[in-house]
Amino acid sequence: MNERSQVLALKYRPRRFEDLIGQETIAQTLSLALDSNRLSHAYLFSGLRGSGKTSTARIFAKALMCENGPTSHPCETCEHCVAANEGRHMDIIEMDAASSRKIDDIRELIEHTKYQPASAKFKIFIIDEVHMLTKEAFNALLKTLEEPPPFVKFILATTDPLKLPATILSRTQHFRFKKINTQNVSAHLSHILNLENITYEPEALQILSRSGSGSLRDTLTLLDQAIIYSKNHVDVATVTEMLGLIDPQFFEELFAVIFSKDRERLVESLKMLEAYEAEMVVDELTSWLKERLYEGDARFSPLILERFFRILSEAKSLFAINADGAFVLGLIFFKMIEALKVKEIDQMIASLETQVQRPDTVAFTPAHKAEVQAASSEPTEAQTVQPMATPSQPELLPQKTESMPQTAPEPEPAQIPDPALVLFEQLCVRIEDRSAELGTCFREQITFVAYTDNTLTWESCADDDCRAKLRHGFAVIKQLVREVFGFETKIEHLPCSKANEPEAQSTPAPAAQTTEMEDDERPAFMEHIEQSDTTPQSASMTEEVETGSGSCVTGCSNDDISTREIDGNAILDEPLIKKATELFEAKKITIQNKV
């Protein structure tokens, strides 16, 4: 056959171990075995089609037949090497098990093993697609494969080693040929095109390598076709058109439309994609996004890519139920637009930091804003800040009486607003950012009282509707309180003082219920905060002992079942508990609160 008429897969078939693409481990192992003369009587090569199994078997056979052999570097000039390269060596017998698969064919092969080689040192049998042999043929081959004559070598090749009997696998040295990666295939294609003096675009070779799916023979076949179709200039446009794929530039323009959220242009692009198979578009889109991840494209952060890949994987399930391809593609890209609307974590943190750094983000009056601006400079002696009075401490400022002269009030020096109040405003903003309805109820119905000794005290005057929302969202509120005020912060709830105003007008309130108290007159809920963790506490007072059924962000009554303490002895009297105690012969029963 004229060399110019040969296909690339045959013309550039490897003839040395160094020419094998992507199988360096196998080539090194066989080379060392030849050089050290540690040879087995039977070898098994398995792997993907076009990965180099048959080529390796022929190279190994030539290395055994060479006059200088066994050697890992055949001379390529002796009679045996030339005959092996031309495929006409009498002592190298190749057999196709797909066509010669019966027991009679194996009996004939076994008969040949009894005779000495015609001219070389060994007689080598290469059986391709060995998994196609029948069960009887395998059984007939077993004994000869296990103990052949010293001059006989078997090389078996298969694409499906799982179909081989375990008795065959145990009698051979098994070499597994791996899938050839895209980079090695692209480099080999580039080398071949340079030898052929054909111009090309590297991106086109990458597309051909991906289409070959790790098979070098399949890729070279596609390259032959691309050379003809592109008129000796292999470029992206002709390769994608020949393979029926989508030009990567189209994806670049498509995602520009997605990031701009232009729905009209997106619909036009979807109409162009209707000419392609939908599943193929999803596969090509996945490969294109993977390249963006490797290249570190600033538009495609890992979080955005994770959302896109999740959308593509969900679309795969729609193809399984025979959904319309155009509809699935439209759904994919419109969901990608919606995925871009979700804020990333770093964006949310940056936004929060900006709000914290800017004093005007807190809803203060203009006077408070002026105080904050004045406080930004270094305080002087005249600007020394006095501690603010809290509900647990009486105000020490002199009270104005009627006997005092009515003089114009002197302007008070600018003071820094209570830092705890600023933090409470940040808490309100963060709750509103998490849930608008919950934030509205919290801002309107919850009033800040004080923050001392890692205890946040507030007053709740929530109505029934807001009470339900606040109770349902207390887990979120508690977590945000810890993030804003600190993870050791406790929450103390005061009942609404407005509800007691009518009664206070008619009947004087006892001294123990007044708002301003001395330290020894503090109400009972303040004592619960200072008790140790082992002391039982009321679930309506501190958030540390809340139960799973609710919380006391809003007012909790003593009759509420969710906050009522349960007697442990009463639980032991339950019929189900008694039955379980008798059944398992329990000697010790421990009762714990479910938090």
Side-chain angles (χ1 to χ4, degrees), residues 343 345 348-349 352 355-356 362-363 390-391 420-500 523-566 592-595:
K343 286 185 177 181
I345 296 177
M348 297 175 65
I349 294 176
L352 179 61
Q355 293 179 2
V356 172
V362 183
T390 62
L421 185 60
V422 177
L423 293 177
F424 190 79
E425 178 61 28
Q426 294 179 13
L427 174 64
C428 296
V429 172
R430 297 190 65 172
I431 295 175
E432 289 175 344
D433 184 62
R434 183 66 64 90
S435 172
E437 295 181 357
L438 181 62
T440 301
C441 286
F442 188 86
R443 182 182 289 276
E444 295 178 354
Q445 308 293 347
I446 305 297
T447 305
F448 173 78
V449 176
Y451 176 68
T452 56
D453 298 331
N454 290 332
T455 302
L456 174 63
T457 306
W458 63 45
E459 179 183 349
S460 172
C461 296
D463 52 20
D464 294 338
D465 187 19
C466 281
R467 184 179 293 110
K469 294 179 181 178
L470 291 170
R471 181 181 291 111
H472 179 71
F474 179 70
V476 176
I477 297 174
K478 180 181 67 175
Q479 179 63 25
L480 293 178
V481 167
R482 290 178 174 177
E483 292 178 3
V484 174
F485 287 88
F487 283 90
E488 297 181 355
T489 302
K490 303 176 183 178
I491 300 174
E492 182 177 331
H493 164 75
L494 296 181
C496 183
S497 60
K498 298 179 181 179
N500 299 327
F525 60 80
M526 291 293 290
E527 298 176 359
H528 285 291
I529 299 176
E530 299 177 354
Q531 291 176 354
S532 62
D533 294 339
T534 59
T535 305
Q537 300 184 14
S538 173
S540 62
M541 296 306 170
T542 61
E543 58 87 19
E544 277 190 341
V545 293
E546 65 162 320
T547 60
S549 59
S551 63
C552 285
V553 176
T554 60
C556 295
S557 63
N558 294 330
D559 298 333
D560 190 357
I561 298 177
S562 63
T563 59
R564 185 182 301 168
E565 294 184 359
I566 299 175
Q592 296 180 351
N593 290 330
K594 182 179 180 183
V595 179

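Just so you know, residue 1 is the first one in the sequence shown, and it goes up from there.
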Nearest heavy atoms of Val449 and Glu459, plus distance in Å = CG2-N, 3.7 Å
Please identify each residue that fulfils ring-ring contact (aromatic ring centres under 6.0 Å, His included) with Phe485, with sequence neighbours left out.
-> Tyr451
When rounded to the nearest 0.5 angstrom, what distance separates CG in Leu456 from CD in Glu492?
-> 9.5 Å
Who passes side-chain hydrogen bond (donor to acceptor under 3.5 Å, both in side chains) against Glu432, sequence neighbours left out?
-> Arg443
Residues two or more places apart in sequence or in another chain: which of them pass side chain to side chain contact (heavy atoms under 4.5 Å, CB included) with Gln479?
-> Glu483, Phe487
Val484 and Leu423: which non-hydrogen atoms are nearest, and at how many Å?
-> CG1-O, 3.4 Å
Rounding to 0.5 Å, atoms CZ (Phe424) and OG1 (Thr457) come to a distance of 10.5 Å
The reported gap from CZ in Arg471 to SG in Cys466 (rounded to nearest 0.5 angstrom) is 12.0 Å
What's the shortest heavy-atom distance between Cys496 and Ser460, and which atoms?
-> CB-O, 3.0 Å
Closest heavy-atom contact between Lys469 and Cys441?
-> CD-SG, 3.9 Å
side-chain contact (heavy atoms from CB on, under 4.5 Å), paired with Ile446, selected from Leu470, Leu427, Ile477, Ile431 | Leu470
Any chance you could measure Cys428, atom SG, to Phe448, atom CZ, to the nearest 0.5 Å?
-> 10.5 Å
